[in-house]
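Notes for the one structure printed next.
A, B, ... follow the sequence lines: proteins, then strands. Residue 1 opens every chain. As the structure is a prediction and not an experimental result, all values here were calculated from the model.
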Amino acid sequence: MNDVAHDEHRRQLLREMLRIRRFEEKSAELYTQEKIRGFMHLYVGEEAVAVGTLQALDADDAVVSTYREHGHALVRGIPARAVMAEMYGRQEGCSRGRGGSMHIFDAATRFCGGNAIVGGGLPLAVGLALADKLQGRARVSACLFGDGAVAEGEFHESLNLAALWKLPVLFLCENNFYAMGTALARAQSQPDLHLKAASYALGAEVVDGMDVLAVEAATRRAAQAVRGGGGPYFLELRTYRFSAHSMFDAQLYRDKAEVEDWRRRDPIVLFERQLRAAGVLDDATLARMEAEIAAEIAAAVAFAEAGSWEPVEDLTRFVYSEGPAP
Amino acid sequence: MSTVTTTYREAIREAIREALRRDPRVFLMGEDVGAYGGCFAVSKGLLDEFGPERIRDTPLSESAFVGAGIGAALGGMRPIVEIMTVNFSLLALDQILNNAATLLHMSGGQFNVPLVIRMTTGGGRQLAAQHSHSLEGWYAHIPGLRVLAPATLEDARGMLWSALEDPDPVLIFEHALLYNQAGTLPADAGAVDIRRARVRRPGRDVSLITYGGSLPKTLEAAGRLAAEGIDAEVIDLRSLRPLDDATILASVAATRRAVIVDEGWRSGSLAAEISARIMENAFYELDAPVARVCSAEVPMPYARHLEQAALPQADTVIRVARGLVRGDG
Ligand SMILES: Cc1ncc(C[n+]2csc(CCOP(=O)(O)OP(=O)(O)O)c2C)c(N)n1
Ligand SMILES: [Mg+2]
């Protein structure tokens, strides 16, 4: 990359993080207006992880995600309006309104779902990778999951199998140090999760998940190793969620001071400062970015507002396939 | 008699508190039961009162902590294990079926498992297809388990202690829409009988047989049917395994018609089992075929209008009951 392209790329990373942040802020507002219902989990504070990891993937790679997946979906390229309409429950939503916030799906970008069973996505990623390996395709199956999933049996079974069969899985652990109200140290005998992963004989590293460039660089390296046939790779991305676990969480389990400490490492603020210092960003550019993002989100909300309800007669559609297997 | 104003949630909390005070072998264990206060706030405040040994937070390891509950029960404790929702209990299904339900029989009666497992069930809150299903009927299929579904404040308050006194594993299903149900209880409310179904509303024309989260809807339907001159009896099963056949059959023998309201899917459901028992034991008493109101056979959708269309509703119960009584569906 030459310098100009490099500068543009860094601005792009900032822009994507801002896009997630603003989308989440809007989602919270719409939730309080009861436009969005059900469970909703915000990604505020963790933006560098989604942007750094998913930007490093190819278009035909697969992504398996969690219920905290708005940011993943946006970076992956699912239109904001399709995600917003989904959260409204509209049939124009990417899952026809049947999934809601926790179950964003998009075949076009191989976004294989927000999964709301903790650890439930890991075996899927292993299977997607197995299919690629059997069919001789050099694709990566990336799987995002939280620190909480590391306590599930499915985590251990999946890492073992992927390593044993040398499958092209990229395990991306979003370690935000909490599983709902349970601090990592209260759940794990070995809280250095990459050490735990390493025991399955796969590449495993810890990365500063508040530093988007570090996340991107680590993911590129790891994805390259996986794509080259080196077997699975595990990244522990240390980050923090600034918002509550979900919209129902009184946050009795953590100190405000701890949240404030982490807020000082806000990945967007840090990166913005870095870009300004490098002379790559000025007020006008930032203002333009914010304006474009605001317009995109306003359009997404308008799209969702104007959307329609799937006819109730269609309720039982797609319980089984409507045509022959492809 | 003095009474207290309470909610379903508080009634369960009070039952847990009472159990912890009464029996030093009792402890509560599960995901986020302590510092977080319980994912449905049932155990809020108990950590401060009883400490982390007895209000025990676990990692996200359903199979491991349910299995540990079984082991602790074998070792002389009286654990109350909380699983956040029935959906996540599937990760512990192996422990519940292959260990909790079988050890006594497999060991020739040597090892009983005095364990209580509580979990949330049911839909209606737009939580889509991984947080909304009613799978208690599956558990009711399993010999070796007792399966309870408290639908009233009295049962929320009273079933836990009775379950703890049972020498074998008991599963208690709490419908998520019931937690905020408010009302009064006698100040000295305590253990209740867990073997019998209850007639919640007597009636002559049709028996509406239901349990758990469908009870309020069914009572609403019965109230509205009364306005059109149909006198419906409402039976609250309370225990899904074993079923109280005597109460069901006595009611059906008197009304000669039955509608079963069950939030599970129709195929292979608890409703199917009850229907079969009525057919086997009261066929000649019936004036009409047994009818069922169940959830549509789809994974639960998120969008509210679709979810409501998928769930049993009072309107449907009314239409079906009217059809049986008047023969005009
Ligand atoms: C198998 C299972 N158990 C419990 C839950 C309830 N639950 C939803 S999110 C969550 C915390 C998960 O924490 P983590 O994996 O660290 O992800 P984070 O929310 O921090 O992104 C829990 C316990 C669930 N969805 N699935
Ligand atoms: Mg976490």
Engaged part of [X] at the chain A interface, taking heavy atoms whose separation is under 4.5 Å:
X: B:S63; value: neither
X: B:A310; value: both
X: B:L91; value: side chain

Sort out for me which of [options] touches chain B most, counting heavy-atom pairs under 4.5 Å.
options: A:G120, A:A183, A:G148; answer: A:G148
options: A:G99, A:G93, A:S101, A:A149; answer: A:G99
options: A:M102, A:H245, A:R98, A:Q251; answer: A:R98
options: A:A179, A:S246, A:A151, A:G89; answer: A:A151
options: A:N115, A:V150, A:V118; answer: A:N115

### Separation of B:R125 CZ from A:F39 CZ (nearest 0.5 Å)
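These two atoms lie 5.0 Å from each other.
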
### Query
Are any non-hydrogen side-chain atoms of B:P59 and A:Q188 less than 4.5 angstrom apart?
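Side chain of B:P59 against side chain of A:Q188, heavy atoms only: no contact under 4.5 Å found.
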
### Task
Decide if atom CZ of A:R254 counts as having more than 12 heavy atoms of other residues, nucleotides or ligands within a radius under 6.0 Å.
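Atom CZ in A:R254 is packed in, count exceeds 12.
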
#### Entry: Heavy-atom neighbours of B:H141 NE2 exceed 12 at 6.0 Å
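For B:H141, atom NE2 is not crowded (no more than 12 foreign heavy atoms under 6.0 Å).
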
### Query
Does a donor on one side chain and an acceptor on the other come within less than 3.5 Å for A:T182 and B:D32?
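The answer is yes; a qualifying pair exists.
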
### Task
Measure from the side-chain N and O atoms of B:Q130 to the backbone N and O of A:A116, and report whether any donor-acceptor pair falls under 3.5 Å.
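Looks like yes, one N/O pair under 3.5 Å.
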
### Heavy-atom closest pair, residues B:Y36 and A:L252
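Where B:Y36 meets A:L252 most closely, the heavy atoms are O-CD1, 3.9 Å.
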
